Structure formats: C-alpha cells, structure tokens
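Report on the following structure.
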Amino acid sequence: MGEGIYISRRNFLRGRYEGRGQRVCPPGATAASLEACTGCGRCVDACPTHIIQLIADRPALDFSVAECTFCGQCAELCPEPVFTGRPQHFPHVAMIGESCLARNHTDCQACRDACPTEAIRFRPRAGGPFLPELREEACTGCGACLAVCPVAAIGLREVRGESVHV
Ligand code: SF4
Ligand code: SF4
C-alpha cells in the first residue's frame, strides 16, 4: 500500500472538488480517460444511486449521498471512450478517522452494518465500546460506510497505484 490522498466526507458535502485529491471518478474512468468526456451527463442520469454529479463538466462521485454498486450503467451509456473497464472495486479504500464515535467512547457500529463486503469488523476492548477495524483487502471503496457514518469520520485513501482522484 502506498501513500494515499485522504479525502474527507466533509469535503464532499461542501462540494470542494477543486484541486488535486478532490474528485473521485466513476469506476473504470481515470484522470486520463476523463479527457475524452464531453460533459453530456448520461452517466448522471444512468446512476441508480444518484451519486454522480458533473463538476466542471466532468463526472465526480459523491459518497455522502449513497454508495456505488458497480452496476456499470455509467460505462454502458457513455458514448465516449471514457471508461476503460468495469472494475468491481475502486483504487481507494475506506479510512476510519479519529472522530469515529466508537474511538471516542460512544457505541456505534453503523459502518459495519452498511458494508456489503464485511470489510469493517469490531474488536472488543475492555471498558469501552468495540473498536472498528478495516480489512483493506476486503474493501472495494464503494462508499457505503461514508454515507451512514453519523459524524463523517470515514474518508478515502488511494491504493493500488492508479490515479483516479484528480
Ligand atoms: S459509523 Fe462512523 S462513528 Fe460509527 S463506528 Fe463507524 S466510523 Fe465510527
Ligand atoms: S468503502 Fe464499502 S467495502 Fe469499503 S469498508 Fe466502506 S462499505 Fe465496506
């Protein structure tokens, strides 16, 4: 795992996409392939969970709304050579930050319940609530845990050496 770019959910909510590290491309699109995007918006209409927005006429995912199900509809309907494949994971994983309620002595396991791949487990600890642990190898980066975390403690960290956050 290399060094990654941490993108907090708070940044998504504020819509601060400007600058490096603020945009998450749909699965299969990359920073380079987005050059072919004309901003037609078909991917926005196609997304069943409504997480695609056009920012500066290019698609960007907003995980504060919901998660990506890797359905491939955006790639299916795109008329340009923007999508290079149909991966079932992103080149980022979730990252649980210090503001997590469980880490601050308040019971919460919302992220575990939302995760479709059981990538978040909770470890017992004496005298306090169970603590979340992310199994990176099981995390697809789908964003389901970001949407449900009540304190926006979960962000994303790039892995797998691909550049999709532009
Ligand atoms: S949902 Fe958020 S606050 Fe709750 S345990 Fe998970 S990371 Fe912590
Ligand atoms: S990003 Fe998706 S797969 Fe990864 S921990 Fe969160 S809910 Fe689970």
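Quick note: residue numbers are just sequence positions, from 1. Not measured: the values here are computed from a predicted model.
Atom CE of residue M95 and atom CG of residue L156 lie 9.5 Å apart, to the nearest 0.5 angstrom. Taking CZ of R86 as the reference point, atom SG of C74 lies at 8.0 Å (rounded to 0.5 Å). Taking SG from C145 and CG from L134, the interatomic distance works out to 7.5 Å, rounded to the nearest 0.5 Å.
The two residues I52 and V44 make their nearest non-hydrogen contact at O-CG1, 3.5 Å. When all heavy atoms of A94 and C139 are compared, the pair lying nearest together is N-SG, 3.4 Å. Smallest separation of non-hydrogen atoms from A29 and F83: N-CD2, 3.9 Å. Taking all atoms of both residues into account, the shortest heavy-atom contact from A31 to C25 is N-SG, 4.3 Å. Closest approach of V151 and C100 over heavy atoms only: CG2-CA, 4.4 Å.
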Next item on the list: Mind running side-chain contact (heavy atoms from CB on, under 4.5 Å) on L77 and C43 for me, showing each step along the way?
Entry: CA-CA 7 Å; L77 292 182; C43 55; over 6 Å; no
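Within the structure, no pair that satisfies the salt bridge (charged side-chain N to carboxylate O under 4.0 Å, His left out) test touches residues 28-46, not counting sequence neighbours.
By the 4.5 Å heavy-atom criterion applied to side chains, C142 and F63 are not counted as neighbours. Side-chain atoms of T49 and V65, non-hydrogen and from C-beta on, never get closer than 4.5 Å to each other. Using a 4.5 Å cut-off on side-chain heavy atoms (C-beta onward), H92 and R157 make no contact. Between N104 and E98 there is no side-chain heavy-atom pair separated by less than 4.5 Å. Counting heavy atoms from C-beta on, the side chains of T140 and Q88 never come closer than 4.5 Å. In this structure the side chain of I51 reaches within 4.5 angstrom of the side chain of C68, judged on heavy atoms.
Contacts of P87 classified as side chain to side chain contact (heavy atoms under 4.5 Å, CB included), with partners at least two apart in sequence or in another chain: P27. When the side chain to side chain contact (heavy atoms under 4.5 Å, CB included) test is applied to T106, the partners found at least two apart in sequence or on another chain are L101. With sequence neighbours excluded, the residues that form a side chain to side chain contact (heavy atoms under 4.5 Å, CB included) with P48 are C71.
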Only pairs under 3.5 Å count here: list side-chain donor-acceptor contacts from residues 54-61, not counting sequence neighbours, and write none if there are none.
unit_1	atom_1	unit_2	atom_2	d
R58	NE	L34	O	3.2
R58	NH1	C37	O	3.4
R58	NH2	C37	O	3.3

Determine all donor-acceptor pairs shorter than 3.5 Å in which one atom belongs to a side chain in residues 112-122; sequence neighbours excluded.
unit_1	atom_1	unit_2	atom_2	d
R112	NH1	Q109	OE1	2.9
R112	NH2	Q109	OE1	3.2
T117	OG1	A138	O	2.9

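For S33 (side chain) and V82 (main-chain N/O), a donor-acceptor pair under 3.5 Å exists by modelled atom type.
Classification of the F70-F90 ring pair by plane angle, with boundaries at 30° and 60°, yields tilted.
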